[in-house]
Engineer: 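I have a structure here, written as structure tokens, and I will follow up with some questions on it.
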Amino acid sequence: AAAAADFGVGSGAAHLVSGHSAPHQALEEELAAFTGRERALLFSTGGAAIKATVLTSWQVAGLRSAIAMALLAVTARDALRLTPRVALVGLVYAVTLVSFVTANKLTTAAHAVFLQAAAPVYLVLMGPWLLRERLDRRDLPFLAVVATGIALLFAGGSEASATAPNPVLGNIIGVGSGVAWALTLAGLRWLERDRRPGASASGATVWGNGFAALACLPFALPLAATTPLDWVAVSYLGIFQLGLAYVVLNKGIGQVTAVEASILLLLEPALNPLWAYVVHGESPGVLASLGGLLVLVATTVRTAWLARRT
């Protein structure tokens, strides 16, 4: 509570959005002391957390979004008006939430996260007519590298395993998740630029989680026998991966172009496969790893390039 009051809540917890800050350093030092290690690092663990629970994708997605909505409703209580535009963006966001969890349950974390990361490519095609944003030709080489990485992910499809029981279907859903995520980013910027009362990206995030929770409810019940680990996993996903992360995202999304926002957001999820490997021993294969590396390199290079320009 004290940290929230001093620093606020949101994707300031994410290094790719706000950089490595003093609170990050202090938390890492405390975690190191608590675990008896010399150092500790904070990484994105969404994929590993999703796979750590025996709950179904409907149950994980529904519980995660219900917890996130409760948290976001408190932080965005002044922006909860449900207008047609907010509802439209919220529904698209709900599709993103459910499809990403489903893809993670069916294919490897690497495939799920990097197929969703194709959002910049989709935004290139949709940006001019969705947001009337002209594409900077200097973005094309970076986007070409991202597209190549996505192609390698499909070419390097993994065999079925305990943590990826249906990789083909999971990859297809991952592509759909990428399209939905691209539309979500465009929609959030659209709302932030709308000066009419009730047009709120924060509100769309809250309602999107609510829509996702409601959509999953019929398929999530009844809950099978659960363990403490299941509840720890979904609580972590709802509070940290969704709830706190999107507060600052909503505030910053209107300050960059849709393509820039999507590319920047590739960096942290790139670490998901690492944790899936460490925790579950899950390996996406050589071609898929190369594809993910290309996406990560393109993201890093472009971010550094933009920093030099400014």
Engineer: Can a side-chain donor-acceptor contact be found between Thr184 and Thr96 if the only test is distance below 3.5 angstrom?
Structural biologist: yes
Engineer: Suppose the criterion is side-chain hydrogen bond (donor to acceptor under 3.5 Å, both in side chains): which pairs have a residue in residues 212-221, not counting sequence neighbours?
Structural biologist: none
Engineer: Does one hydrophobic cluster hold both Phe211 and Leu188, with members joined at side-chain heavy-atom distances below 4.5 Å?
Structural biologist: yes
Engineer: Starting from Val98, walk the hydrophobic network (Ile, Leu, Val, Met, Phe, Trp, Tyr; side-chain heavy atoms closer than 4.5 Å) and list everyone else you reach, by chain and number.
Structural biologist: Trp58, Phe219
Engineer: Do Lys105 side-chain atoms and Ser57 backbone N/O form a donor-acceptor pair below 3.5 Å?
Structural biologist: no
Engineer: Side-chain heavy atoms nearer than 4.5 Å, only ILVMFWY residues, links allowed to pass through others: does that put Trp231 and Ile50 together?
Structural biologist: yes
Engineer: Apply side chain to side chain contact (heavy atoms under 4.5 Å, CB included) to the pair Thr226 and Leu55, showing each step before the final yes or no.
Structural biologist: CA-CA 8 Å; Thr226 58; Leu55 297 174; 3.7 Å; yes
Engineer: Between Thr107 (side chain) and Ala103 (backbone), is there a donor-acceptor pair under 3.5 Å?
Structural biologist: no
Engineer: Do Leu229 and Ile67 sit in one hydrophobic cluster, given that two such residues count as connected whenever their side-chain heavy atoms are within less than 4.5 Å of each other, even indirectly?
Structural biologist: no
Engineer: Can you get from Val86 to Trp190 by hopping between Ile, Leu, Val, Met, Phe, Trp and Tyr side chains that sit under 4.5 Å apart?
Structural biologist: yes
Engineer: Walk me through whether Asn166 and Val168 qualify under side chain to side chain contact (heavy atoms under 4.5 Å, CB included).
Structural biologist: CA-CA 6 Å; Asn166 194 338; Val168 174; 4.3 Å; yes
Engineer: Would Val92 and Trp181 count as a side chain to side chain contact (heavy atoms under 4.5 Å, CB included) here? Give the steps.
Structural biologist: CA-CA 8 Å; Val92 176; Trp181 180 228; over 6 Å; no
Engineer: With a 3.5 Å distance limit and no angle check, can you tell me whether Arg64 reaches the backbone of Leu97 through a side-chain donor-acceptor pair?
Structural biologist: yes
Engineer: Can you measure from CG (Leu293) to CG (Leu152) and round to the nearest 0.5 angstrom?
Structural biologist: 10.5 Å
Engineer: Would you check if the side chain of Asp230 reaches a backbone N or O of Val54 as a donor-acceptor pair within less than 3.5 Å?
Structural biologist: yes
Engineer: Hey, any chance Val95 and Ile172 share a hydrophobic cluster, counting ILVMFWY side chains that come within less than 4.5 Å of each other, even indirectly?
Structural biologist: no
Engineer: Linking directly or through intermediates, with side-chain heavy atoms under 4.5 Å: list the remaining ILVMFWY members grouped with Leu169, chain and number order.
Structural biologist: Leu106, Ile173
Engineer: So Pro167 and Thr108, do their side chains get closer than 4.5 Å, heavy atoms only?
Structural biologist: no
